[in-house]
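Proteins come first, then strands; the chains are lettered A, B, ... in the order of their sequence lines, and each starts at number 1.
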Protein chains: 2
Amino acid sequence: MSQRRFLVSPADLDQDLVELAPEEAAHALKVLRLTPGDGLWLLDGAGRRARAKVEAVAKGRVSCRVLERETPPRPWPRLVLLCGLLKAPALELLAVKLTELAVDEVRLIPTQRAVPKPKPGHEARLQRLAAQALKQCGAAWAPLFHAPQSLASALAAAPDPARKVILYEDETGQSLAGALARPPAAEEVWALVGPEGGFTPEEVAQAQAAGFIACGLGPVILRAETAALACAALVRFNPVPGLP
Amino acid sequence: MSQRRFLVSPADLDQDLVELAPEEAAHALKVLRLTPGDGLWLLDGAGRRARAKVEAVAKGRVSCRVLERETPPRPWPRLVLLCGLLKAPALELLAVKLTELAVDEVRLIPTQRAVPKPKPGHEARLQRLAAQALKQCGAAWAPLFHAPQSLASALAAAPDPARKVILYEDETGQSLAGALARPPAAEEVWALVGPEGGFTPEEVAQAQAAGFIACGLGPVILRAETAALACAALVRFNPVPGLP
């Protein structure tokens with residue numbers, strides 16, 4: 001049943017009977033050829049999902065009966081990625097992969113060396129891509145994509161107790177894994193990743209003044225999107241308390 | 001000088017004067033507009049690189065004088081990825097990203113549920129993509145892409161002392177990070193990642209019989225290429241001995 005996942009609004013998921021949006025209904029009927037009685041999952045992209053079954057099908061419309069709602073636990077720690085503004089293909093890759101890696105928030109920052117300029121509606125497009133990725137991976141929520149914001153305002157948004165790291169290719173003495181592992185265990189990680197071309201020294205100093213620890217990722221220069229993915233993987237798949 | 005990297009053969013890198021291949025020379029002249037005296041890096045993709053300078057330029061040809069050769073230490077531990085055969089876009093993404101993440105070898109396996117079929121020359125195309133990625137990231141070598149091989153022969157190739165893991169979505173009791181961290185520290189990691197659709201239970205049993213530890217990556221179903229990237233990041237960016 002891995003492909004039988006459909007997006008609905010959080011309000012719809014409160015109902016006992018949910019009608020799929022036209023695009024979702026078309027997928028259910030034309031690709032998956034669902035018929036009444038077939039099981040499926042409804043995802044609201046905001047933390048809840050429900051087992052459901054097709055109740056009725058008529059004229060391109062699909063109504064579903066909700067059987068059981070669930071609210072899966074969110075991965076721990078919370079993970080917020082601050083990312084220099086990248087070109088569209090790199091951001092689109094991130095929208096998909098960061099959804100699989102259960103990143104909680106993405107804040108895009110037009111840093112000094114970032115080449116692309118912020119465009120209106122950019123974050124809405126990434127949010128739509130993340131929603132599609134959600135259906136693939138079965139997660140219960142997608143990262144929240146904020147509108148592009150200044151470095152100063154993104155830094156100021158990080159709460160004091162969060163573990164704050166900035167990935168900086170000139171840092172050779174502090175590993176990211178080491179910074180993440182410092183006790184006490186962080187409830188929340190805020191990770192700042194540069195654009196293509198990296199940060200200026202002033203930006204690094206600004207982040208450090210805001211409590212971000214400069215961390216290196218080894219001798220090879222990762223592309224910005226690779227660094228973001230590697231960082232998310234490291235946070236998500238470090239040893240989980242209680243598991244060997 | 002981040003973009004002034006050029007690929008040459010290992011044999012050429014032994015010479016004091018190296019002529020760039022036509023495609024590389026065209027890039028040097030038409031895009032970067034290099035002139036005699038300009039500095040650049042020559043990479044052989046097999047572990048060595050050299051600082052060099054443009055000696056002469058004529059009729060689309062560029063000859064370079066080698067100033068200093070270096071053999072950077074390879075990242076530790078050695079990392080071999082065994083990967084179910086994926087569709088071309090996923091493999092192409094991996095060819096680039098696994099180069100940045102300094103994976104040593106990639107062995108593609110037409111597992112039972114793998115949809116694409118092995119094609120002659122496939123690994124050569126991935127090797128070329130990895131070589132291009134090398135120029136981007138400045139690494140001294142690219143992963144070696146083997147021709148597709150059976151699961152049995154890939155499993156048999158793993159040396160006894162290697163840490164061997166298989167990523168399996170039904171495994172919930174053993175984390176990948178935990179398996180990697182088991183003492184003694186492994187000199188070599190062999191990681192087996194499924195195709196889209198995952199492994200059959202028989203394949204998992206076959207890998208376990210060959211000493212591979214089944215590990216989970218959390219409740220979300222990662223796409224195969226995302227799992228491969230996450231695994232490589234976790235191996236590469238775990239705490240480095242001697243670094244905080």
Side-chain angles (χ1 to χ4, degrees), chain A residues 2 5 72-76 93 96-102 133-134 136-141 167 169 171-182 196-198 213 215-223 225-244, chain B residues 2 5 72-76 93 96-102 133-134 136-141 167 169 171-182 196-198 213 215-223 225-244:
Chain A
S2 64
R5 301 193 189 100
R74 290 188 84 111
W76 175 92
L93 178 72
V96 172
K97 299 301 177 205
L98 296 178
T99 301
E100 294 175 60
L101 293 167
L134 200 74
Q136 275 278 347
C137 70
W141 57 87
L167 301 188
E169 67 275 17
E171 172 60 46
T172 56
Q174 169 70 58
S175 73
L176 173 60
L180 293 174
R182 287 186 191 178
E196 295 301 326
I213 306 165
C215 303
L217 275 178
V220 171
I221 302 156
L222 298 184
R223 298 197 69 141
E225 70 273 21
T226 314
L229 293 176
C231 176
L234 205 62
V235 171
R236 277 293 163 254
F237 303 124
N238 253 335
V240 178
L243 269 196
Chain B
S2 65
R5 300 194 190 100
R74 290 188 84 111
W76 176 94
L93 179 72
V96 172
K97 298 303 178 203
L98 296 179
T99 301
E100 294 175 60
L101 293 168
L134 201 74
Q136 275 278 348
C137 69
W141 57 86
L167 301 187
E169 67 276 16
E171 172 60 45
T172 55
Q174 170 70 58
S175 72
L176 173 60
L180 293 174
R182 286 186 190 177
E196 297 299 326
I213 307 164
C215 304
L217 276 177
V220 171
I221 301 157
L222 298 184
R223 297 197 69 141
E225 70 273 21
T226 314
L229 293 176
C231 176
L234 205 62
V235 171
R236 278 291 164 255
F237 303 124
N238 252 334
V240 178
L243 270 195

Part of Leu93(A) within contact of chain B (heavy atom distance under 4.5 Å):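 Just the side chain, heavy atoms under 4.5 Å.
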Within the 4.5 Å heavy-atom criterion, are Phe237(B) and Leu234(A) side-chain neighbours or not?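 Touching, per the 4.5 Å side-chain cut-off.
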Look at Lys97(A), Glu225(A), Arg223(A) and state which one has the largest set of heavy-atom pairs under 4.5 Å with chain B.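 With the most close heavy-atom pairs to chain B, the winner is Arg223(A).
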Just so I understand: if I count every heavy-atom pair under 4.5 Å between each of Cys137(A), Ala233(A), Pro72(A), Ala227(A) and chain B, which residue has the most?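 Top option by heavy-atom pairs under 4.5 Å: Cys137(A).
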Of all of Pro75(B), Gly138(B), Ala230(B), Gly216(B), which one pairs up most often with chain A through heavy atoms under 4.5 Å apart?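 Ranked by contacts with chain A, first place is Ala230(B).
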List in chain and number order the residues that pass salt bridge (charged side-chain N to carboxylate O under 4.0 Å, His left out) with Glu171(A), two or more places apart in sequence or in another chain; answer none if no residue qualifies.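 With neighbours one apart ignored, the set is empty.
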Passing candidate, side-chain contact (heavy atoms from CB on, under 4.5 Å) with Leu101(B), options Leu217(A), Leu222(A), Leu229(A):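 Testing Leu101(B) for a side-chain contact (heavy atoms from CB on, under 4.5 Å) against Leu217(A), Leu222(A), Leu229(A) leaves exactly one candidate, Leu222(A).
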